[in-house]
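What follows is a single structure, written as structure tokens, with notes after it.
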Amino acid sequence: MSATTAGSVPGPAKNLRASRALGRRRYLVNTIAKALSTLATFIGLAFLASILFTLVSRGIGGLSLTVFTTSTLPPGSNGGLLNAIIGSLIQTVLGAAIGTPIGLMVGTYLSEYGQGSVVANAVRFVSDVLLSAPSILIGLFIYQLAVAPFGGFSGIAGCLALAVLVIPIVVRTTEDMLRLIPVTLREAVVGLGAPKWKMIVLVCYRAARQGIATGILLAVARIAGETAPLLFTSLGNLNWSLSLDKPMASLPVTIYQYAGSAFDDWVQLAWVGALLITFGVLAINIAARLLLRGAK
Amino acid sequence: MQQAVTADTAPPRGRSSPGDAIFATTVRASGLFVLGLLGAIIVVLAIGGMKAFRAFGPGFLISTDWDPVQMVYGAAVPIFGTVVTSVLALLMAVPLAFGIAFYLTELAPMWFRRPVSTAIELLAAIPSIVYGMWGFFVIVPIMAQYVEPFFIDNLSDLPVIGFLFDGAPFGTGILTAALILAVMVIPFIAATMRDVFETVPAVYKESAYGLGCTTWEVVRSIVLPYTRTSVVGGIMLGLGRALGETMAVTFVIGNTNRISYSLFGPGNTIASLVALEFPESQSGSLKLSSLLALGFILFVISFIVLAVSRFLLRPRLKT
């Protein structure tokens with residue numbers, strides 16, 4: 001708009017006063033737009049700073065060795081978060097372990113086998129939709145499949161729900177990374193007489209390993225903080241339990257239960273848990289980014 | 001991406017290796033598995049919700065009841081809440097995200113771009129539950145003490161739109177939920193906008209600058225028209241994320257099954273209702289079926305939004 005108006009108003013030669021006014025107006029609009037957009041960026045950064053500051057200021061006071069050595073206990077008895085931390089580790093690791101190979105295979109299919117095919121485009125589309133699909137629905141889905149028919153919440157159901165969340169993240173990074181591998185490298189491998197699967201597994205995977213690892217790390221960071229899908233699958237468990245066929249504690253679900261409680265020491269523990277999980281997730285995220293920067 | 005095309009026809013071998021056949025079958029099967037996964041989610045939710053759909057018919061969609069005692073359930077209130085909070089969240093998030101993308105692509109000094117980009121993207125990595133706690137313990141008191149009383153005192157007497165600002169300043173409610181959602185979707189929208197703004201050929205922008213355009217005029221008249229489709233796609237992506245957000249909303253929306261026309265009134269969303277009511281639903285009960293039916297509705301809504309988003313984004317971001 002503004003760019004085209006320059007042609008329709010009288011130029012400097014015709015009307016000096018009008019062109020000065022127009023120039024001043026354009027300069028002013030430009031300055032305001034720049035100022036507002038800078039302000040928007042600082043508002044965004046302020047949100048991040050506020051969240052991190054809140055976590056540190058409320059969580060750091062409750063951080064002690066007991067948090068890592070004691071399980072969740074009734075209010076007032078100086079409990080910790082040990083079972084929740086271990087439960088989260090188990091479910092996150094197993095979820096990633098189940099989801100990663102599938103995601104890797106699908107990513108390989110999309111990049112190496114599915115060029116231009118209708119099926120591959122559909123798979124890519126579905127994977128992209130799953131990437132942003134509400135995680136609570138994945139929880140309901142696994143509840144119907146793996147909890148309701150077997151009559152009880154279980155750690156393994158939690159792992160399955162998280163695995164479903166892992167798949168599309170790994171698919172996306174694997175496909176992107178495999179596509180970055182130069183064609184000359186592929187031709188060199190094939191020229192030596194290697195079959196296609198050896199080219200992919202022994203050479204392409206190796207060449208793309210940093211990128212693929214980034215995807216796995218991002219997936220781990222994503223599922224480590226997921227609460228909603230676990231509410232319907234592993235449910236949470238205030239007692240010490242490592243069996244995968246029983247309800248299993250996890251950090252996010254414990255935080256959810258504690259943050260909404262009426263007991264000060266539970267709320268305090270919820271903040272400690274939130275501090276741990278947030279900084280853990282952010283650390284994994286930053287590590288993934290550094291790895292990716294090295295890969296490119 | 002030329003190389004992948006050649007790779008597909010790569011192995012010029014007389015006999016095919018058995019490993020190739022096995023590997024190709026495995027990866028194709030995984031591809032089909034993902035297709036089946038989406039189908040399974042839709043079917044499982046639909047079957048689970050069948051009992052509720054049968055019991056209430058199409059009226060389920062427009063009924064505002066949620067009465068476990070009478071065993072009458074309706075989806076209208078949570079659907080309303082889901083749509084209203086998400087749209088309000090976009091109204092707040094889109095201008096901020098656009099400002100951030102504008103700043104990052106045109107204004108920020110080079111050395112400053114990467115750290116700021118990363119910081120904004122990290123907002124997307126913070127777990128939903130942490131947003132909920134932050135919202136409940138930090139934002140809700142601010143809303144209750146400062147923001148809402150200000151609006152109620154100054155705007156609730158306005159004609160026509162005054163009803164939006166009626167009510168008591170509890171701090172929780174639709175506006176607070178929308179605000180938290182806005183913060184959560186800003187990184188997705190801003191990152192998409194930044195990425196597509198960077199695809200504008202430099203020569204277009206340089207031509208405009210050469211004609212004497214200001215930075216704002218270049219963004220307004222060159223960058224935005226060039227990237228319009230993808231920008232809408234990014235906004236739809238944010239909408240898709242906001243629709244299904246659960247934990248953060250559950251903490252701050254007030255969780256009342258009532259359609260409130262005031263921005264400060266309590267409400268619920270599909271996701272928050274499911275999260276809260278699920279623990280009190282017997283397996284096989286009509287209530288559980290109603291929750292699954294709500295899940296099915298949410299899935300259909302988000303699927304459509306995300307499909308549109310992808311359709312709009314594909315030409316620009318996919319090579």
Side-chain angles (χ1 to χ4, degrees), chain A residues 2-3 26 29-30 33-34 36-38 40-41 43-45 47-48 51 54 102 105-106 108-109 111-113 115 122-123 125-130 132-134 136-137 140-141 144-145 148 179 182-183 186 190 195-197 221 225 227-228 231-232 252 255-256 259 274 277-278 281-282 285, chain B residues 1 3-8 10-11 17 19-20 23-24 26-28 30-31 34-35 38 41 44 48 96 99-100 102-103 107 119-120 122-123 125-127 129-130 133-134 138 183 186 208 213-217 221 240-241 244 246-247 271 274-275 278 283 292 295 298-299 302-303 306 310:
Chain A
S2 329
R26 292 174 57 209
V29 168
N30 189 41
K34 280 180 171 179
L36 285 180
S37 98
T38 312
T41 308
I43 291 175
L45 294 178
F47 282 132
L48 181 68
I51 294 169
T54 309
I102 302 175
M105 287 290 113
V106 179
T108 310
Y109 168 65
S111 151
E112 310 294 321
Y113 289 87
Q115 277 301 314
V123 171
F125 168 75
V126 164
S127 176
D128 277 358
V129 168
L130 286 178
S132 302
I136 189 170
L137 299 181
L140 281 181
F141 168 64
Q144 285 290 83
L145 275 193
R179 277 163 179 265
V183 68
R186 295 160 189 274
V190 173
K196 187 171 177 179
W197 73 271
T227 316
L231 284 177
F232 313 142
I255 294 170
Y256 177 53
I277 201 136
T278 308
V281 163
L282 292 188
N285 231 283
Chain B
M1 289 290 139
Q3 59 263 44
V5 179
T6 3
D8 206 24
S17 126
D20 265 352
F23 193 76
T26 316
V27 297
R28 288 218 164 84
S30 338
V34 169
L35 286 185
L38 181 87
I41 294 173
V44 162
L96 280 172
I100 292 169
F102 178 31
Y103 179 80
L107 303 181
I120 297 291
L122 285 183
L123 273 178
I126 293 174
I129 180 101
V130 173
M133 291 179 74
W134 174 71
V138 178
V183 182
I186 281 174
C213 285
T214 61
T215 315
W216 167 246
E217 283 162 358
S221 315
R241 290 270 174 176
T246 313
M247 304 318 295
V274 172
F278 179 85
S283 170
L292 288 162
L298 176 61
F299 195 86
S302 355
F303 182 85
L306 292 171
R310 217 198 94 97

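All figures in this text were calculated on a predicted structure; none of them were measured in a lab. No hydrogens, no waters, no symmetry mates; every other heavy atom, side chains included, goes into these values. Protein chains get the first letters and strands the later ones, always in sequence-line order, with residue 1 at the start of each.
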Considering all heavy atoms, the nearest B:G31-A:V123 contact:
O-CG2, 3.4 Å
Top residue by heavy-atom pair count (under 4.5 Å) with chain A, among B:S302, B:A24, B:G244, B:G99?
B:G99
Atom group of B:F299 that falls short of 4.5 Å from chain A, counting heavy atoms:
both
Side-chain touch A:L48/B:I126, heavy atoms, less than 4.5 angstrom:
yes
Select, from A:I255, A:L140, A:V281, A:L231, the one with the greatest count of heavy-atom pairs under 4.5 Å involving chain B.
A:L140
Residues B:C213 and A:R26: closest non-hydrogen pair is CA-NH2, 3.7 Å
Min side-chain heavy-atom separation A:L36-B:F102 under 4.5 Å
no
Which atoms of B:V130 are under 4.5 Å from chain A, going by heavy atoms: the side chain, the backbone, both sets, or neither?
side chain
Look at the rings of A:F47 and B:W134 and say which category their plane angle falls in: under 30° parallel, 30 to 60° tilted, over 60° perpendicular.
perpendicular
When rounded to the nearest 0.5 angstrom, what distance separates CD1 in B:I100 from CD1 in A:I43?
8.5 Å
Chain A interface, residue from B:L298, B:V183, B:I129, B:I186 that has the most non-hydrogen pairs under 4.5 Å:
B:I129
With a 4.5 angstrom heavy-atom cut-off, is it the side chain or the backbone of B:M247 that approaches chain A, or both, or neither?
side chain
Within a strict 4.5 Å, meaning less than it, do heavy atoms of the B:F23 and A:M105 side chains meet?
yes
Taking C-beta and beyond as the side chain, do A:V106 and B:V27 meet within less than 4.5 Å on heavy atoms?
no
With a 4.5 angstrom heavy-atom cut-off, could you sort out which part of B:T246 is near chain A: side chain, backbone, both or neither?
side chain
Can B:L122 and A:N285 be said to form a side chain to side chain contact (heavy atoms under 4.5 Å, CB included), step by step?
CA-CA 8 Å; B:L122 285 183; A:N285 231 283; 4.0 Å; yes
Pairs of heavy atoms under 4.5 Å with chain B: top-ranked of A:S132, A:A133, A:G225, A:A221:
A:S132
Report which part of A:N30 has an atom under 4.5 Å of a heavy atom belonging to chain B: side chain, backbone, both, or neither.
both
With chain A, which of B:T215, B:T26, B:V138 has the greatest number of heavy-atom pairs at distances under 4.5 Å?
B:T215
Are any of the side-chain heavy atoms of B:L107 and A:T38 separated by less than 4.5 Å?
yes
Of all heavy-atom pairs linking B:A271 and A:I136, the shortest is O-CD1, 3.3 Å
Between B:A119 and A:L45, which heavy-atom pair has the shortest distance, and what is it?
CB-CD2, 3.6 Å
Could you look at A:L130 and say if it's the side chain, the backbone, both or neither that has a heavy atom under 4.5 Å from chain B?
side chain
Kindly say whether A:P195 contributes a backbone atom to a donor-acceptor pair with the side chain of B:D20 at under 3.5 angstrom?
no
Please lay out, stage by stage, how B:L123 and A:I51 fare under the test side chain to side chain contact (heavy atoms under 4.5 Å, CB included).
CA-CA 9 Å; B:L123 273 178; A:I51 294 169; 4.2 Å; yes
Could you check whether the rings of A:F125 and B:F303 sit parallel, tilted or perpendicular, using 30° and 60° as the cut-offs?
perpendicular
